[in-house]
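It should be emphasised that the depicted structure is a prediction, and the values quoted were computed from it without experimental measurement.
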Amino acid sequence: IYRVLKPGGVCLFGARNKWTIMEAQYNLPFLSWLPKPFSDLVVRLTGNGDEFVGHYRGLLGLKQLVSKFLIHDYTLEIIRHPGRFHYQSLVKYQFLTAILPLEIFYPLIPNYIWVLEKP
């Protein structure tokens, strides 16, 4: 992406977080935290396929991956105001943003949504 963008160019970057509690694709807790052989075994034992196909990075790994870009992070803004971004499925949870300090839970958020800008 960095190679093909012109200076000042932007792209939308959405990434799953390795350290999310509930793995969304298989609906199993802590699956992405396990070493690959164990996650493969859990997937097989639960009848969800032959292997775990997720190859996620944690927050630090994702930031390292896009380190050449300026990161405009929309993750918390979307969680706090999902209707503005047409995330209707999150609107029913919006009340939680008033009582939870989202910044503390940021490393465990399931998905990050960033706009990457090439300097």
Would you call Ile21 and Phe105 a side-chain contact if the rule is heavy atoms closer than 4.5 Å? no
Between Val53 and Gln25, is there a side-chain heavy-atom distance shorter than 4.5 Å? yes
CZ (Arg44) and CD (Glu51) are apart, to the nearest 0.5 Å, by 8.5 Å
Quick check against the 3.5 Å criterion: does Lys118 have a side-chain atom that pairs as donor or acceptor with the backbone of Pro7? no
Going by heavy atoms in the side chains, are Thr97 and Leu102 under 4.5 Å from each other? yes
Using a 3.5 Å distance criterion without hydrogens, assess whether the side chain of Asn17 forms a donor-acceptor pair with backbone atoms of Pro107. yes
Using side-chain heavy atoms (C-beta onward) and a distance below 4.5 Å, is Pro82 in contact with Gln88? no
Identify the heavy atoms of Ser39 and Leu34 that sit nearest to each other, and give their distance. N-CB, 4.0 Å
Determine, stepwise, if the pair Leu59 / Trp19 fulfils side-chain contact (heavy atoms from CB on, under 4.5 Å). CA-CA 8 Å; Leu59 179 58; Trp19 304 115; over 6 Å; no
Step through the shown structure and confirm whether more than 12 heavy atoms of other residues, nucleotides or ligands are within 6.0 Å of CZ on Phe38. no
Could you go step by step and tell me if Arg84 and Glu77 meet the side-chain contact (heavy atoms from CB on, under 4.5 Å) rule? CA-CA 9 Å; Arg84 286 188 202 164; Glu77 185 69 15; 3.0 Å; yes
Atom of Asp50, atom of Val43 and distance for their closest heavy-atom approach: N-CG1, 4.4 Å
Connected via hydrophobic side-chain network under 4.5 Å: Leu96 and Val91: no
Just by modelled atom types, is the Gly54 backbone N or O under 3.5 Å from a matching donor or acceptor in the Lys18 side chain? no
Would you find a donor on one side and an acceptor on the other, under 3.5 Å apart, between the side chain of Ser67 and the backbone of Lys63? no
Are side-chain heavy atoms of Trp114 and Tyr74 found at a separation under 4.5 Å? no
Non-hydrogen side-chain atoms of Pro119 and Leu70 separated by less than 4.5 Å: yes
In terms of heavy-atom contacts, Val66 and Leu116 come closest through CG1-CD1, 3.6 Å
To the nearest 0.5 Å, tell me how far Ile109 CD1 sits from Ile78 CD1. 10.5 Å
Distance in Å, Ile1 CD1 paired with Phe69 CZ, rounded so as to fall on 0.5 Å steps: 6.0 Å
Could you check Ile113 against Leu12 for side-chain contact (heavy atoms from CB on, under 4.5 Å), going step by step and ending with a plain yes or no? CA-CA 7 Å; Ile113 301 176; Leu12 179 64; 3.9 Å; yes
Check whether Met22 and Leu108 end up in the same hydrophobic cluster, where Ile, Leu, Val, Met, Phe, Trp and Tyr are linked by side-chain heavy atoms less than 4.5 Å apart. no
Examine Trp33 and Leu62 and state if one hydrophobic cluster contains both, with Ile, Leu, Val, Met, Phe, Trp and Tyr joined whenever side-chain heavy atoms are less than 4.5 Å apart. no
So which heavy atom on Ser32 is nearest to which on Tyr56, and how close? CB-CD1, 3.7 Å
Answer yes when Arg80 and Glu103 have at least one side-chain N-carboxylate O distance shorter than 4.0 Å, and no when they do not. yes
Are there over 12 heavy-atom neighbours, none belonging to Phe13, within less than 6.0 Å of that residue's CZ? yes
Should we count OH of Tyr93 as having more than 12 external heavy atoms under 6.0 Å? no
Derivation of the ring-ring contact (aromatic ring centres under 6.0 Å, His included) call for Tyr112 and Tyr106: CA-CA 9 Å; Tyr112 299 109; Tyr106 189 80; 5.0 Å; yes
Any side-chain heavy atom of Leu90 sitting closer than 4.5 Å to one from Phe85? no
Flag the pair Arg16 and Glu23 as a salt bridge only when some basic side-chain nitrogen lies within less than 4.0 angstrom of an acidic carboxylate oxygen. yes
Could you walk me through whether Phe52 and Val42 pass the side-chain contact (heavy atoms from CB on, under 4.5 Å) test, one step at a time? CA-CA 8 Å; Phe52 176 57; Val42 170; over 6 Å; no
